[in-house]
Each structure stands twice: as structure tokens, then as C-alpha cells.
Protein chains: 2
Amino acid sequence: MVSELIMTVTDRNTEEIILEAACTIFFQKGFAGARMQEIADSAGINKALLHYYYRSKDQLFEAVFNRALISFLPTIKIALEAEMPLTQKIAKFVENYVDVLIANPHIPAFVIHELNTDPNRVVLKLKSHGVDPRIILRQVDEAIAAGEIRAINGEHFLINLLSLCIFPFVARPVAQGILQKSNEEYTLFLQQRKSEILEFVMQSIKAS
Amino acid sequence: MVSELIMTVTDRNTEEIILEAACTIFFQKGFAGARMQEIADSAGINKALLHYYYRSKDQLFEAVFNRALISFLPTIKIALEAEMPLTQKIAKFVENYVDVLIANPHIPAFVIHELNTDPNRVVLKLKSHGVDPRIILRQVDEAIAAGEIRAINGEHFLINLLSLCIFPFVARPVAQGILQKSNEEYTLFLQQRKSEILEFVMQSIKAS
DNA sequence: GTCTATATTGTGATAGAC
DNA sequence: GTCTATCACAATATAGAC
């Protein structure tokens, strides 16, 4: 029984090591560009073990994709559903979300690319995780009615907010090239965006 | 000589048909996900002909990537370098750029993904096409100095502008899912963005 | 559980007839 | 220029020893 326990622990570790290596490779190269050999090398183990634990490339990818979503959805969910005034909620969302993006800079481009190439691969797991955008849309309308902010279109505003937060990460090579920044300079630039986005957004919605 | 002329014309047509089919497939699936067989099928010809005209998958991809850049850079260049006041230039840029995006909705995600996976593949052809972002950055600073707009960070402003224009195309599946829109509804939504972005941006920079 | 060796299929590329 | 047939290799997946 002791040996069973030890083996189980060992299993978990290897399984986790593989998954992390798979994340690194899949996030960077996507499903089609990733190679099982490369993942095995990155995990410091053998190709056959990948199949032992995850059966096929498809199933390994599925696990990676799930982890990618799980890294982000809770943050979004918490920020969107919190009980606070709209402007405060926006501030909290931008701050938390950009922090998560800095911690996981490759995930957005990965998810977006996989959804673009094969929209059927993951049949919108957003809903299954219970993120409901209507909450924030309703709150925007309420804030307009209460005169807290000027009249805007809630849907466009929501997409604007997401665009400002996510795009600089998704299009990092392009943006970095345009601004002619080094890696360090661009990382700093991303840090600054939390306050810059907030100022930009607040200015654009404040009641006149 | 007549036959030579005719053959030349025929060549050009086949070459062009292949390139267009290759664009369709590469834009959607990326370099790693695209299959030469699929491109041949899409072009209604044979796999061998692809190699006859473009030698290798790499070279065919190169041609596709070039076409993708050429579709966009002139519009950006013209808009950025035009001789007009900043606010007017911004308006023109948003309008023209979103129109080009609507006409070529898959290109941004394609370019971004390829630059993300292999930053070396195309060694920043932006510069080779002569797009210089410093023009607009300088103009922003001048407008601030002249009191036309409130004090903002030019670099963040430029990235904000690009984010608002491009992101809804790059992340279409995600955004469409969040807003729960049909294809027709989302296409309409993209059309509306021209005025929405402008209003949003102008409000955020206008002198107080 | 982990490895080596191998089977099997997929895919880019070429040869050669027409 | 265009096709069919085929090569050569890459990549996923499995078999079987330890």
C-alpha cells in the first residue's frame, strides 16, 4: 500500500511535468506546429510516455487547452460578477486581467489561433465555465440610466475594453516592432498599460 | 510568338489561381496547419503543379505572406503620412483601416500567428515597406503641445488605436461567442465599429 | 512506469509520360 | 504545363522488454 501511494505520487508528477512541457510547446507553436518529440524532449522523457499518459496528441492538446482556459476564466468571472460600482469594477478588471496576461503572455494568441483554425475543436467552453457577459452589459446600461457615465454602446464598450487589454499581448511582435522596443522595454510598456488603459477608458465614458 | 504570348498568359493565370487558393488555406490554417494537397484541391489542380510554380511549401508561403502584408501596408502608410490635422488623420485611419480589415478579415490573425511562432521567418518586412510610426508619434506630441488634445502617451495611444481596430477581427470567434451574435449580426457589429471607435477615441483625447 | 525498437500513416517533393 | 505514380522522410502511435 505504501508502494501504491508512492507510485501514485510519482504518476502525478510525471503527468504534470508532461502537461507543463506540452503547454510550453503548444502555446508557442499551436496544435499543428507542435511535435510530440519536442514535447518529450522538453519534459526530459520519452515519446512513448506521452502516449502512455495522454493516449494521443489530440487528448494531450485537449488537456492543454483546458488548462489555458482555466488560467483566465476565474479572473474574468470574479471581476465581472463582483458587487461594486461600474467604474470600480472596470478598474479592478483591467488591473487583474493585465496581471494575469503578464503572467501568461502566450495563452491569448494560442486560444485565439486554435479557435480560428478549428472553431469546432472546443465548442465554446466559455459557457460551461459560467461566464455571463450580460451582467456587465446590464450594468453599463444601468450606469447610463443613472447618469454615472455618458451614453455608450455596452457591447462596443466591452469589446473595446478587451481589445485594449489583450491585443498588446497577442500582437506583441508587431507592436514591439512598431515601437522599436527591446524585450525589457516592451515588458515595462505592458506594465504601464494598466494605468494607461484605465485613464483612456475612464476619460472616454465619463459623464459630460 | 503568338503561342508564347498565350502560354505566358496561361502561366500567369494558373500561378495566380494557385496563389489565391494558397492564401485561402494559409490564412485560415497557418503554415504548419496547411497541406499542399488541400491547396491543390482548392485550386482545382494537381499537387505537382504547386511545386512546378513555387518549388516548395516555404516559397509558396513566402508569396502568400508578402501578399498579406501588401494588402495592408499601403493603407496604413497613406493614412499615417497624409498631410492633415491629427484628429482628421485619426478619423481617416480608422475608417480606411477597418474597411480593409472587413475586406480581408483573416489576414491579421494569420500574420500575428506566424510572427508569434517564428519571428525569424519574416525579418520585419514592415520597415522594408517604409512604414514609419514616428511620424504619428511626433504628430501626437505636437498636438499636445498645441493644446489640441489633452496630454497623453503617444505610444500607448497608437497601440490603443490599433487594438480597437484589429482585435475584433483577430478574436472574432471569442468576441462573437461572448456577444452571442450570429455571423450576420457580428458583421454588422464590425461595420458599426468605425463610428464607435472614433467616438470612443475622440472622447478620450479631447482637451478638457 | 519507463525505455528501445518498430509499425504505420501522412506529407513534401521529384521523376517521367503526355 | 499538366498529369500519375512514386520516393523519402517526418511524425504519430504501438509492441514488448525491463
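The chains referred to below are lettered A, B, ... by the order of the sequence lines, with proteins before strands, and numbering in each begins at 1.
The environment of NE2 in B/H51 is crowded: more than 12 heavy-atom neighbours from other residues, nucleotides or ligands sit within 6.0 Å. Around NZ of A/K92, the count of heavy atoms belonging to other residues, nucleotides or ligands within 6.0 Å does not exceed 12.
For the pair B/D41 CG and C/dT11 C1', the interatomic distance rounds to 13 Å; values are reported in whole Å. Summarising the geometry, the separation between CD on B/E38 and P on C/dT11 is reported as 10 Å, rounded to the nearest angstrom.
Of all the heavy atoms in A/Y186 and A/P168, the pair that sits closest is OH-O, 2.7 Å.
Between A/Y53 and C/dT2 there is a side-chain polar atom (N or O) within less than 4.0 angstrom of OP1 or OP2.
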*How does protein reach along nucleotides 3-18 of chain D, written 5' to 3' as B (base within reach of a heavy atom under 4.0 Å), S (only sugar-phosphate), or - (no contact)?*
BB------SBBBB---
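A centroid separation of less than 6.0 Å is found between the aromatic rings of B/F189 and A/H156.
Under the 4.5 Å side-chain criterion, counting only non-hydrogen atoms from C-beta, B/L101 is in contact with B/F72.
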